[in-house]
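In what follows, a structure is listed as structure tokens, so that the remarks can point back to it.
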Protein chains: 2
Amino acid sequence: LNNLTIALDAMGGDYGPSITVPASLQALLCFPSLSISIFGDEKVIRQYIPANTPHLNRLNIQHCTQIVTMNDRPLTAVRSRRDSSMRKAIDMVQQGKAGACVSAGNTGVLMAMAKLVLKTLPGIDRPALISTLPTLLDKPVYMLDLGANVSCDSDTLLQFAVMGSVVAQKVDKIACPKISLLNVGEEAIKGNDVVKQTAELLRETKQLNYVGFIEGHQIFDGHTDVIVCDGFVGNISLKTTEGVANLLFAHLQQAAKSSLLMRFLSFISTPFLKKALCKVKPDQYNGASLLGLRGIVIKSHGNADQHAFFNAIKQAIIEVEQQVPDRIQDSLESILLEKTC
Amino acid sequence: LNNLTIALDAMGGDYGPSITVPASLQALLCFPSLSISIFGDEKVIRQYIPANTPHLNRLNIQHCTQIVTMNDRPLTAVRSRRDSSMRKAIDMVQQGKAGACVSAGNTGVLMAMAKLVLKTLPGIDRPALISTLPTLLDKPVYMLDLGANVSCDSDTLLQFAVMGSVVAQKVDKIACPKISLLNVGEEAIKGNDVVKQTAELLRETKQLNYVGFIEGHQIFDGHTDVIVCDGFVGNISLKTTEGVANLLFAHLQQAAKSSLLMRFLSFISTPFLKKALCKVKPDQYNGASLLGLRGIVIKSHGNADQHAFFNAIKQAIIEVEQQVPDRIQDSLESILLEKTC
């Protein structure tokens with residue numbers, strides 16, 4: 001790690017500074033060359049910094065007078081929240097003073113502000129939220145869009161496919177990443193009009209290794225490298241994953257309480273269960289990247305806890321090291337411009 | 001159970017008669033007053049009936065010359081597959097000779113054929129696939145549409161909400177079922193245009209207890225009674241559930257193999273795990289009902305195994321006992337007609 005600075009929106013997410021500040025302190029402890037500029041209500045932020053906390057010389061508190069709320073509309077907030085913690089964190093990336101910014105706030109506003117301030121890469125109209133998910137084959141799969149764009153036409157989905165492919169190529173060194181479209185069936189006749197049109201565009205784009213439709217139960221089977229969908233479907237699918245995991249943990253806890261024998265069995269099987277379940281816990285892959293911008297923006301889950309928000313900061317550090325926007329820019333341009341010529 | 005006959009499409013699904021026939025024989029064994037008319041290629045069906053199988057007097061094999069494939073288009077298949085196993089099974093319900101039909105075949109064709117042959121209930125334009133999902137509160141939640149309609153406008157989603165509400169009221173005796181719309185956020189400004197318009201319609205429909213948006217991770221929390229979404233999103237969300245469950249089972253198996261200690265712990269914790277996990281296995285709630293028709297049609301998952309297809313037959317028996325279409329007809333009419341007056 002070289003010296004690196006991350007800009008944090010302290011006020012975003014369901015729990016605000018009560019989780020963003022402890023997560024920041026944890027990150028400073030783990031990464032000795034990390035500096036954090038944390039934006040928000042200074043008084044509130046300071047409440048969550050215990051006395052005698054080490055490494056405070058690497059924490060830079062930047063007071064802001066405004067907060068982006070979950071009810072803010074993107075187009076209004078872009079104009080009216082110029083002194084918000086979210087906007088200021090993005091501004092710092094634009095000014096080149098931070099390598100990346102992290103926010104757990106309103107996704108729509110984050111997307112609109114980031115697009116306005118940082119601008120999109122050549123050939124890209126709208127950034128998309130991308131993340132990796134675990135699979136049966138012990139290699140992750142990229143999925144986008146996870147919620148930045150609630151309605152997409154086929155041209156936008158094509159751009160997402162190109163971005164996903166280039167990231168898998170440049171970051172994961174996969175020569176010809178397999179691209180799949182999320183749909184309600186594998187057959188060509190299945191799906192709505194947008195999905196069918198996108199499939200046609202993908203087949204025509206010879207630089208992409210489009211392998212066809214994929215269904216919801218195949219997301220985790222590891223047979224593809226990039227899964228493309230609109231942000232509405234992607235968001236609901238990802239959050240369904242979280243819901244199932246929560247349901248399962250609850251059932252395990254309930255079963256553990258049902259009798260003395262079960263209590264004993266649950267106690268004795270804890271290490272076994274932990275090993276198996278930790279791979280599918282959503283916290284493990286929290287922190288989606290807003291891909292397609294001239295800068296790195298990480299969106300943490302709105303109800304992220306400290307551990308999850310810490311993982312989002314870690315994700316930001318990894319992306320700064322990998323310099324994703326710079327590395328994908330040329331390839332994006334060549335595929336998308338060749339396509340439109 | 002009174003005497004009841006179920007019409008089965010033997011040829012549907014990924015495995016056809018190899019699973020539909022054994023599941024039928026299992027059902028005949030479990031339900032002494034059940035008769036099954038099974039439609040399909042008689043020669044193939046007979047291959048899966050072992051010699052000396054009991055209760056064959058209650059299995060009626062009906063030979064058909066055609067099969068609906070997964071590549072058939074709904075509008076074409078409705079005309080060209082009149083001697084298919086799927087069509088003949090639906091016909092039998094229309095003729096009043098079977099109480100319900102069950103198919104694991106092409107959802108789009110099943111929906112189109114059922115709509116044409118059985119007709120929709122008054123006030124309903126399009127049937128929807130409905131099923132219950134398990135929740136944290138030990139009471140199920142209804143979700144529709146799970147894949148019959150890949151694109152829906154707000155009027156259609158309103159009809160789905162009314163159907164879901166009436167089923168929860170009539171079948172589960174819930175006085176004022178809580179209705180939620182699946183969306184990417186809980187705030188009013190979130191979502192695409194169709195979801196926002198539907199929310200407005202639902203708020204205006206005073207006979208419905210509309211409680212707002214719900215996110216993917218809240219599907220299983222048990223705080224609502226009916227979740228409404230279009231069939232594209234519903235199908236992908238439901239199948240994501242299946243994917244996560246499969247991923248989890250695979251991780252458990254893998255962890256169990258990793259060392260002698262793990263092998264021992266996995267062995268000893270098997271009863272504990274089984275108790276906890278069986279509630280979230282998708283097989284347990286296989287069999288979605290095509291709601292809104294003047295007759296009972298159960299859609300089994302395309303890749304259902306014998307156990308899952310058996311559950312779909314069981315679901316058909318339950319619905320015949322409950323006479324869902326008859327019981328919801330009056331309420332549907334009164335809400336939807338009052339609404340449009």
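A, B, ... follow the sequence lines: proteins, then strands. Residue 1 opens every chain.
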Original post:
Do you know which two heavy atoms are closest between Ser151(A) and Asn192(B), and how far apart they sit?
Top reply: CB-CB, 4.5 Å
Original post:
Which atoms form the tightest heavy-atom contact between Val233(B) and Val233(A), and what is the distance?
Top reply: CG2-CG2, 4.0 Å
Original post:
Can you tell me if CZ on Arg73(A) sees more than 12 non-hydrogen neighbours from other groups inside 6.0 Å?
Top reply: no
Subject >> Among Gly108(A), Gly222(A), Gly191(A), residue most engaged with chain B (heavy-atom pairs, under 4.5 Å) >> reply: Gly191(A)
**OP:** May I ask you to check whether over 12 heavy atoms, not counting those of Leu75(A), lie within 6.0 Å of atom CG?
**Re:** no
Original post:
Looking only at heavy atoms, what is the nearest atom pair of Asn71(B) and Ile189(A), with distance?
Top reply: O-CD1, 3.4 Å
**OP:** Search all heavy atoms of Phe232(B) against all heavy atoms of Val195(A) and return the closest pair with its distance.
**Re:** CZ-CG2, 3.6 Å
**OP:** Could you check Lys190(A) against Asn106(B) for side chain to side chain contact (heavy atoms under 4.5 Å, CB included), going step by step and ending with a plain yes or no?
**Re:** CA-CA 10 Å; Lys190(A) 292 292 174 71; Asn106(B) 186 320; 4.0 Å; yes
Subject >> Side chain / backbone / both / neither for Val194(B) at chain A, heavy atoms under 4.5 Å >> reply: neither
**OP:** Could you have a look at His217(A), Glu215(A), Gln218(A) and say which one has the most heavy-atom pairs with chain B under 4.5 angstrom?
**Re:** His217(A)
Subject >> Residue among Gly302(A), Gly216(A), Gly231(A) with most heavy-atom pairs under 4.5 Å to chain B >> reply: Gly216(A)
Subject >> Side-chain heavy-atom pair Val244(B), Phe220(A) within 4.5 angstrom cut-off >> reply: yes
Original post:
Between Ser237(A) and Thr240(B), do the side chains contain an N or O donor and an N or O acceptor separated by less than 3.5 Å?
Top reply: yes
Subject >> Residues, nucleotides or ligands: over 12 heavy atoms within 6.0 Å of Asp14(B) CG >> reply: yes
Subject >> Exceeds 12 heavy-atom contacts within 6.0 angstrom, atom CG of Asp193(B) >> reply: no
Original post:
At a heavy-atom separation under 4.5 Å, does Asn303(B) approach chain A through its side chain, its backbone, both, or neither?
Top reply: side chain
Original post:
With side chains defined as the heavy atoms from C-beta onward, is the minimum distance between Ile219(A) and Lys239(B) less than 4.5 Å?
Top reply: no
Original post:
Would you say Leu136(B) and Leu247(A) make side-chain contact, with heavy atoms under 4.5 Å?
Top reply: yes
